[in-house]
Amino acid sequence: MKSDHCTENPITSFTLDDLLKMSGNTAVPGRMSECIVATTDTPLHEVRFPCRIDAYIIGVGTEGEATQTFNLKEYRLRKDSLFIFPPKNTLYQSGDKGSFKAHLIIINPTLLRRVNIDTKRLTPLLLQFSAHPCLKLTPSESCMLRGFISMIDSELRLPETEFTNGIIGGMISALIYKIGAILRNYLSEHPQERPVMNRTEEYFRRFTALLGEHYMHERSVGFYARQLCITPKYLTTMIRQVSGKSASEWIDTYVIMEAKTLLKYSHMSVQEIAYYLNFPNQSFFGSYFKRNTGMSPSQYKAAQ
């Protein structure tokens, strides 16, 4: 349950409709609420603060540099860099404000689920971005991806016809497949980073999706195993096989990441954070945090 002690929303969340309003773009609201194409010249200044966007962000750098914090890890974005940020992760752009430009496409998860994509083949490749969300492109790869994004942008601006949704869906599908091809080529040149290719990838994908929805309220491996209709032991074995970490370690990673984000960026007290993350009390939260980080929440907050 959520506590009445917390009266603020510590990390701002944005939907695509919110981003449209912030950019002042109200054209084709129904269609564009599922897919936005933009450049970083678009006045979305609020997104520079710690936030979450309920959408997939795919971008290709065109000039300049910037430091983007993704789940408390910093990544340097440059010209001809590809970056993919999944929904509901914490983003924060720090430094170099205004110097970095990119072509962006922001896609509603609902739309992406409707697009005709062979997820069985692509998921093992795209999972690499959960650990490495930024990849250096060759100039020709960068040009190709920017071309796909530009074509989608052009189609979004045209009057809607009976074929519009199919055209846009097909272009998004082609973009995702092209990214998959680039990743495949990258992995062939870096075989040490090749992921495990078997059916446990699907369980890992489903587990992380559930975790993203429930980690602030559910920290039991048994809960996630029940949702997946398997035993906790089997879930832990498969997750460790795919990722090198157990299911409980992934749960702790998500919870601690959220706690650190709140301690670093929000004005909430340690007690308010404890209640917000569904801990029974501040003492229990403090012990959990120290066990996983080696310091107390107060020590971590003071060090920021």
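- Annotation for K79: atom NZ does not count as buried by contact number, only 12 or fewer foreign heavy atoms lying within 6.0 Å.
- Ring geometry, F100 versus F83: the interplanar angle falls from 30° to 60°, so the pair is classed tilted.
- Open room surrounds CE on M144; 12 or fewer heavy atoms of other groups in view lie less than 6.0 Å from it.
- Under the 6.0 Å distance and 45° angle rule, R206 counts as a cation-pi partner of Y203.
- A heavy-atom distance below 4.5 Å is found between the side chains of I152 and C35.
- For the pair A225 and L235, the tightest heavy-atom approach, listed with the atom from each and the gap, is N-CD2, 3.7 Å.
- Among residue pairs with one or both ends in residues 136-153, those qualifying as side-chain hydrogen bond (donor to acceptor under 3.5 Å, both in side chains) are D80-S142, T138-S140, T138-E141, S142-R146, D153-R157; sequence neighbours excluded.
- Nearest heavy atoms, P232 versus G222: CG-CA, 4.0 Å.
- A salt bridge links E65 with R78; the closest basic N to acidic carboxylate O contact falls under 4.0 Å.
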Please lay out, stage by stage, how I106 and V37 fare under the test side-chain contact (heavy atoms from CB on, under 4.5 Å).
CA-CA 6 Å; I106 309 173; V37 176; over 6 Å; no

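- The six-membered or imidazole ring of F85 lies away from that of Y56, with a centre-to-centre distance of 6.0 Å or more.
- For S287, there are no side-chain contact (heavy atoms from CB on, under 4.5 Å) partners, not counting sequence neighbours.
- The shortest heavy-atom contact between I149 and H103 is CD1-O, 3.9 Å.
- For the pair F289/S296, no side-chain contact is recorded, criterion being any heavy-atom separation below 4.5 Å from C-beta on.
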Does I105 form a side-chain contact (heavy atoms from CB on, under 4.5 Å) with L175? I'd like the steps, not just the answer.
CA-CA 10 Å; I105 181 167; L175 172 65; 3.9 Å; yes

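- You'll find the side chain of K245 stays beyond 4.5 Å of the side chain of R240, heavy atoms only.
- Taking the side chain as every heavy atom from C-beta outward, T67 and R76 approach each other to under 4.5 Å.
- With ring centers used as reference points, W250 lies 6.0 Å or more from Y224.
- When only modelled atom types and interatomic distance are considered, N281 and Y275 share no side-chain donor-acceptor pair under 3.5 Å.
- The aromatic rings of Y254 and Y215 sit perpendicular, their planes meeting at an angle over 60°, well past the 30° parallel limit.
- Considering only heavy atoms from C-beta on, Y288 comes within 4.5 Å of D252 through its side chain.
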